[in-house]
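Accompanying notes for the structure given below.
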There are 2 protein chains.
Amino acid sequence: MAQKKRTTKRSLGPETSPELDALVREIIERVADKWTMLVIEALAEHGTLRFTAVGEKVGGISQKMLTKTLRQMEADGLVTRTVLPVIPPHVEYDLTDMGFELGKAFCGVWIWAEKYQKAIAKSRAEFGRRAAAMPRVRAL
Amino acid sequence: MAQKKRTTKRSLGPETSPELDALVREIIERVADKWTMLVIEALAEHGTLRFTAVGEKVGGISQKMLTKTLRQMEADGLVTRTVLPVIPPHVEYDLTDMGFELGKAFCGVWIWAEKYQKAIAKSRAEFGRRAAAMPRVRAL
DNA sequence: TTTCACACTTTCCTTTTGGTAAGTATGGCG
DNA sequence: CGCCATACTTACCAAAAGGAAAGTGTGAAA
């Protein structure tokens, strides 16, 4: 009942050009993968970390995915990778300013999720109840 | 050269409890899929849209994924679904306030992408060049 | 009677994702 | 000599994602 009827357009921000649009989509897809944000979070929280340490802080990630994620982030300029010439090898990962900024940008989503978690749970429950005994389309 | 050395911790925002952490991760994973954000964008830009219209505005989405995405968004309370009892059937989709807020929250990422698109392209190009003739680990 | 519009649903099948586990390279130590 | 640590890489395989296309239901129009 608290939901007002609304059919008007609302802008989400600055206008988007078609090419930028495509680029942003691609970036969002990349960034929205399960691990990238968690790696950013780990590095932002703990500062410089070595390969294995990143994996530990993130938790539940396989070596393969950790390598892949870090490599991609390095390519995109989100992290720096520093090899210390010692044996056994030490490799340090660190957030770039750009990577840190991305983390901050994502904070908005984090806060949103926090704010609406109750509402989401409620909505899902209601939807489940409704779905139990209702057809999707009913004409007249 | 413009990148300063940094090994200090930096906070991304409010502290996170372990359980909230997991919940928020799940929500972000759901929300951050390829299509959800694009549907939000379409609805925020154009206002109320019918099923087929959403698909057109989003572009490149299959019926199957459109249905699935809209259903999920409806369950989560991001959109409302209104069936007009006419034949052939009309179904209208509209952003809820919560959905719109999510769009706004995601704007930060959008802006980030816009700001750093050049830097990303450059970083990728350099990475490609470097990768062409450099081993990943080299001791002493 | 066939056709059409619309919003799906379903089936089939290919592509992608991602985990597990084993392998690689290096040099110091016992 | 074999073993260790570290940061990967590779091969194999199972599961999930997702596209294409055909089918569904309704009533009006041709």
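The shown structure was predicted, so the numbers you read here are calculated from the model rather than taken from an experiment.
Distance from the side chain of B/I87 is smallest to D/dG27 among C/dA5, D/dG27, C/dT26. Proximity note for A/V91 (side chain, C-beta onward) versus C/dA7, D/dC8, C/dT26: the nearest is D/dC8.
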Item checked: Pair A/D94-A/T80, side chain to side chain donor-acceptor pair (under 3.5 Å): steps then yes or no -> CA-CA 5 Å; A/D94 205 352; A/T80 56; 5.0 Å; no

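Regarding contacts with the backbone of C/dC8, a side-chain N or O of B/R81 is found under 4.0 angstrom from either OP1 or OP2. Using a 4.0 Å cut-off, some side-chain N or O of A/R71 falls inside it from OP1 or OP2 of D/dT9. Residue B/T67 places no side-chain N or O under 4.0 Å from the OP1 or OP2 atom of C/dA7.
Results of the side-chain contact (heavy atoms from CB on, under 4.5 Å) test with B/V79 over B/R71, B/E74, B/Q72 single out B/E74 as the only residue that passes.
Atom CE in B/M65 sits roughly 14 Å away from atom C1' in C/dT15 (whole-Å rounding). The CG-C1' distance, from A/L70 to D/dT9, rounds to 15 Å in whole Å. B/K34 has its NZ atom 14 Å from the C1' atom of C/dT17, to the nearest Å. When the P atom of D/dA17 is taken as reference, atom CD1 of B/I61 falls 15 Å away, rounded to whole Å. Across the protein-nucleic acid pair, B/E92 atom CD and C/dC8 atom P stand 12 Å apart, rounded to whole Å. Rounded to whole Å, atom P of D/dC8 lies 10 Å from atom CZ of A/R50. What separates CH2 of A/W35 from C1' of C/dG18 is a distance of 10 Å, to the nearest Å. Atom C1' of nucleotide D/dT10 and atom CD of A/Q63 are separated by 12 Å, given to the nearest angstrom.
A 4.5 Å side-chain heavy-atom check between A/L84 and A/T82 finds at least one atom pair inside the cut-off. No side-chain heavy atom of A/L49 sits less than 4.5 Å from a side-chain heavy atom of A/E92.
If B/T52 and B/K64 are placed on DNA chain C by their nearest nucleotide, the residue sitting closer to the 5' end is B/T52.
If you look at A/W110 and A/F106, their ring centroids are not closer than 6.0 Å.
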